[in-house]
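Because the structure is a prediction, the values reported are computed rather than measured. By convention in this document, chain letters (A, B, ...) are assigned in the order of the sequence lines, proteins followed by strands, and residues within each chain are numbered from 1.
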Amino acid sequence: MRFAFYPGCALDSSAKEYRESTEVVAGDLGIDLKEIPEWICCGSTPAHMASRLLSITLPAYNLVRARAMDVEGVVVPCASCYSRLKTANYRIARDPDLKEKVKRALGEPYEGDVPVYHVLEVLDRVICEGGLEGKIRVPLEGLRVASYYGCLLVRPPDITGFDDAEDPQLLDRVAGALGAQPVEWRHKVECCGAALAFTQDDIVLKLSGEILEDAQYAGAHVVSVGCPLCHSNLDLRQRNIEKYTGLNLGMPVLYVTQLVGLALGRTPAELGLKKHSINPLPVLKRAGVKV
Amino acid sequence: MADFRPRIVAFLCNWCSYAGADLAGTTRKKHRADVRIIRVPCSGRVAPAMIVKAFEKGADGVVVGGCHPGDCHYVSGNYHARRRFYTLRKLLDFMGIEEERFQVTWCSAAEGDKWAETVNRVCDLVEGLGPLTTFREMGEAVSSEMREIKKVADE
Amino acid sequence: MQTNSESRLREEARKLLATGAVEVVVGYGRGHGGEGVRPLFAKSADEAGGLVFNEACVHNLATYLSKEPCRQMMLRGGRVGIVAKGCDARAIVVLLQEGQISRDGVHVIGMVCEGVRGAGAEDDDKAFKCRGCGVVTPPLYDTLIGDGDATGAAPPEGDPLEDVNEMSSLPREERGDFWREQLSRCIKCYACRQACPMCYCETCITEKSEPQWIDKPSHPRGVLAYHLIRAMHLAGRCVGCGECGRACPMDIPVDLISRYLAAEVEGAFDYRAGMDPEATPVFRTYGEDDPGDFIG
Amino acid sequence: MARIGVFVCHCGSNIAATVDVRAVAEAASRFPGVVHSVEYRYMCSDPGQKMIAETIREKDLTGVVVAACSPRMHEPTFRRLAEKTELNPFLVEMANIREHCSWVHDDRGEATAKAIETVRMLVEKVRRNSPLEQIRVPVTRRALVVGGGIAGIQAALDLVNAGVETILIERSPSIGGKMAMLDETFPTLDCSQCILTPKMVELSQHPLARLYTYAELDGVEGYVGNFKVKVRQKARSVDHDKCTGCGLCIEKCPSRVPSEFERGLADRKSIYVPFPQAVPDKPVLDRETCIWFTQGKCGACREICPVEAIDYEDADEISEHEVGAIVVATGYDIIGRSLYGEYGYGKLVDVLDGLQFERMCSASGPTSGRIVRPSDGEVPKTVVFIQCVGSRDDSKGRPYCSKICCMYTAKHSMLYKHKVEDGKAYVFYIDVRAGGKGYEEFVNRAVDEDRVVYLRGRVSRIYERDGTLFVKGADTLSGHQIEIRADLVVLASAVTAAEGARELGQKLRIISDRYGFFTEAHPKLRPVETNTAGVFLAGACQAPRDIPDSVSQASAAASKVLGLLSADELVREPLVARVNEDLCTGCFACEAVCPYGAAERVKREDPRTGAEIEKAYMNPGVCEGCGACLPVCRPGAVDLMGFSENQIYSEINVLTESFKVEDEAK
């Protein structure tokens, strides 16, 4: 499996550990990730507030570069980037005028036809194709995982086409395959507040609070995520959330790639587990995971 | 060709186009007087032979009017007609006859204006093309060989 | 290669006739004085010995199926064996679609064909219809005869529509002049109609006098109308066997018209006549999104 | 020898002002076959008509051309006139020299020339007209109603009460349909059962009514006035002639399965009567779940039955009936909850659909009218009603409005408040559509008197925790996200076409729209007719309908049927296709293009071989005279009366002859 890799800005800053764990895991599972040369920001939340054309052109720029790499498609770890890239493809493929504008902006045509996958989709595929067999050193038995998808992976369904928008299963399947025990809970696809963290953090504290609280209520040891922004809201801000809501959480939030890494026998260091503000190690030990 | 007035035969379906032409009248939508209307129950009733015959007998243009797709009083007559007419136009063109001489229009009972406009459009168009001579020429045409044959026969 | 399949053809025909599986095998026999070939109606195992199959077998024998006496034979419950190249078999398919013959009334001996010689036996080049032929293996057969692996066989190079496209590319006026000159030779002998396997109406519209859509008198009037209406009657049914053109005593390339229209119909409605007995003939149905730009 | 009379009308000045009517009449007098040609101020006036009538008699005309207005205007007038004078009405044609001539042209010369040619055409046409007799089709004075809901019941009642024997078939074991499930009905809140059951009983006891319950329509042949239908009586395994309806078998039956009628809120036995007031009130045995049929043992019902009515060998029976008309009243279904993940994919037991809530409210329902939570039987203190679930929703559901939900949701919220005074009811809506007599007032009552809280917005998610339903949604008026902790949620699920409707439509040769609802012949002017003559629509099988609409539509359909069956013979315009069998090649292109199934295959003997061959026959009872079969008939074996090949040919011919005359003039 050969993919172009689009890390996105967060993975070079707030979510280094997501990048590290992704690369490690990809290596172990024989997923060939080639970073897109001179990739640029996807525009994320601000671009489409500023200019529709810009918000489509930025992702298109990266996709065009990926096109030149003879790969199956682009792999994206960040849900927000994923959403932007998918949106660009969707709009360009459906709107000839826009396609024309983008062509002028990029100086070359783009049909919106380079496939975009989230890391999760690739992991799920590998696992379904039996890519894990014999590779699991540390089965995550006993570890109860609340799989958190958030909004951008699954919505809008027409654009992302990611699993079932209302009750997605990919993360749960992956966790299950690692020996962990996915919990039934209700906040899989609720919004964490995302970028409002910078402007109206009370909203984030409330929404993320509800998510963590429900995960706890469902008896999860950890929450697994596939989005740097969700991660920082749920992990980085967890102390404030506890203050704001008066809850006592202490709920570790792991990137799905970190969970896979652990199962593959990688060390917490290799997976950047130490970077989290809620240290997962004690909880993992308590759950009986040998790390 | 200054005094050329096109002669145009129109086959109008009773339910839409013929009624549309009636409405053109009721609303006094003046238009050119070079079209002669033959009433048929449905555009699906119009056989290629009818169109060919009109041309052969000296019409410079033929118009068929039917209900809009989906509105056919008989469910699907106009759809079947559309296939045939498309093919007939291709054929005319291949044989060197301007397919523009054969016009089709979907004109509803509410489109009196459209009918009036269609009449004027087709009349101007056919006027531009001039009289249709192919059939009559063919009628008289005697090829070089035929002349030879005749000569032999006469002797 | 032909010789080999020829012997297998005879053998097959003999078997069919000997076992009484068929009453007659319509095929090709040696022409008068050994020149070329002509249709042969083998009614006995011995007669089957006279069957040949070679490059001269251009005729479309399907023509005989819907006409007497084969028609009667089938109606009486008899079975007719027929030697059919790809193009001929397509004609048989159309006859089936239009209920002119019943499937168990015919035993189709399908011949894998790599092309036959065009009209005028002296030239060696293949008939137009054979160039780039799409049906080296007949779309319908009960027995298939062809050397080795049928799929190995290949049609002659070239574009079957070469002449059609040439004509289409001319300016309209020149096309008009061409046909005026060509059709002016037409003597209304209707050989094109008789030769056509699709023209099976016992009373053709041309025979009709009340009303007389087509002027009958032996006079150029009505000639163009005849050929237009003939083409329309064949639209979506013509299998491009070219028999009409071959039959014309005045060498008018009438097949050009029907082959052109067949191509247009296929282009517009994605339908090729005679490929599938189950398919609905193109002018017996319609598509809601058929081309309609020409409609005002 | 043709004796044609031409009557040119001035229409006051409408024609005369632009067309030289005298010249037209004068020219017409010289047309071949014309023996009489006059102009007159108003041909349609009494004196005008008298004049025509007298001329027809005096000159005993064989054909008449009235050159006046559009035939669409006065053709009937003048044909009726002809009839009175014993001239076959179909020997009268009209030349349209008003709408198509005087009103659209200014140049008198041109208009006159055109008028003359037009008259000439019609004269030529009428010379080739043949006298046609109205087609008389015998009519079977019996009707079939498909579907035993309120629409079907009403249609059948109207028919039998008008003296027409009527067969009603219903696929479930009892008539009553969805209305039988309802508790009270908007906007009057009268009890559904109380107004429905009398009708059910009246119908079942009516001497002219024949009920087939637990039966389906197997096949339909024939045409208007003369349908032959096959009815499949599904095996009941209970002989209803013997059965006394004592119910012992039901008591004894050990196998319990969820009741369809109770929408899964209660069980029924495998041998069952769907509900207490069922008609007929005799059980059927459901072989899917019966232990005898699934495991080959038990037989409890057979042992207990005192009259030996249980018959495990019973098999489907097919009966054939001749009927003159068919009313389709197959009703509707509602969209499955499993479509909506955000509402729990139907897995949350305390999220109900509208019909389940009806059953719960119903005094004869599973809870005897007590509103309780299916999960724990507690009385819900907070209930959320969600409208437009699947309606007006292009992405997952249906784009159309289901019409009845606004009203029944208001009703539901009321019923709840009436039963649980201290309860809180919330309704999420997009719009409230309360068009109808007393409807708006009804909704207002819910808001004003019963204090139901209406929230404008969608619900984004429902999830359950500790037995509480968390309902998250938006109040678009206040612009706030809201979360309601509810004990019970009721979804107003979209109305969809009944299961199997499309297949039924194909059997009946009627058109279904893309959602499976049957298509009426004209949305405004022929709302209960279909494109297939003799087949009519009633109720929600055509589009979402409430009870009043369904009932009035049913009566409308019934009156259409009565009109059809009022005479022993059905009179149809004779403008139909006919086949000349000598020319027919039996290719049946006509059969393929006929939208009415009028082209039939008839067996004939082949003259040469005596073998059996097929020829086309156009059934005049079915043919609508569109002429679609003519262009596809290569040998010209089909002709169309009134627009015959000869008539149209002659019109083209004479018209173009006048062209030649012009040529020579040049």
Next item on the list: Return the option, out of C:Pro211, C:Pro281, C:Gly77, with the maximum number of heavy-atom pairs under 4.5 Å with chain D.
Entry: C:Pro211
Notebook entry, point to check: What are the two closest heavy atoms between C:Thr203 and D:Pro635, and how far apart are they?
Noted result: O-CB, 3.5 Å
Item checked: D:Asp606 versus chain C, the contacting section by heavy-atom distance below 4.5 Å -> side chain
Item checked: Heavy atoms from other residues, nucleotides or ligands near CZ of D:Arg578 exceed 12 (cutoff 6.0 Å) -> no
Check: What residue in C:Gln97, C:Glu207, C:Glu98 has the most heavy-atom pairs under 4.5 Å with chain D?
Finding: C:Glu98
Margin query: Could you measure the distance from the CG atom of D:Asn653 to the CD atom of C:Gln212? Nearest 0.5 Å is fine.
Written below: 10.0 Å
Checklist line | Heavy-atom proximity to chain D below 4.5 Å, by part of C:Gln72 | finding: both
Check: For atom CD of C:Glu266, is the number of surrounding heavy atoms from other residues, nucleotides or ligands below 6.0 Å larger than 12?
Finding: yes
Item checked: chain C-proximal positions within residues 582-595 of chain D [heavy-atom distance under 4.5 Å] -> D:Leu583, D:Thr585, D:Gly586, D:Cys587, D:Phe588, D:Ala589, D:Ala592, D:Val593
Checklist line | Which atoms of C:Arg230 approach chain D - backbone, side chain, both or neither, heavy atom under 4.5 Å | finding: neither
Notebook entry, point to check: Heavy atoms under 4.5 Å from chain D: which residues of residues 282-295 of chain C carry them?
Noted result: C:Phe283, C:Arg284
Check: Looking at D:Arg634 and C:Cys201, what are the two nearest heavy atoms and their distance?
Finding: CB-SG, 4.4 Å
Next item on the list: Examine whether an atom of C:Glu68 lies under 4.5 Å from a heavy atom of chain D, and if so say whether it belongs to the side chain, the backbone or both; otherwise answer neither.
Entry: side chain
Margin query: Would you say that C:Trp213 contacts D:Glu645 through its side chain, given a criterion of any heavy-atom pair below 4.5 Å between the two side chains?
Written below: yes
Notebook entry, point to check: Please walk me through it: do D:Arg608 and C:Glu202 pass salt bridge (charged side-chain N to carboxylate O under 4.0 Å, His left out)?
Noted result: CA-CA 13 Å; D:Arg608 292 198 196 66; C:Glu202 274 196 76; 3.1 Å; yes
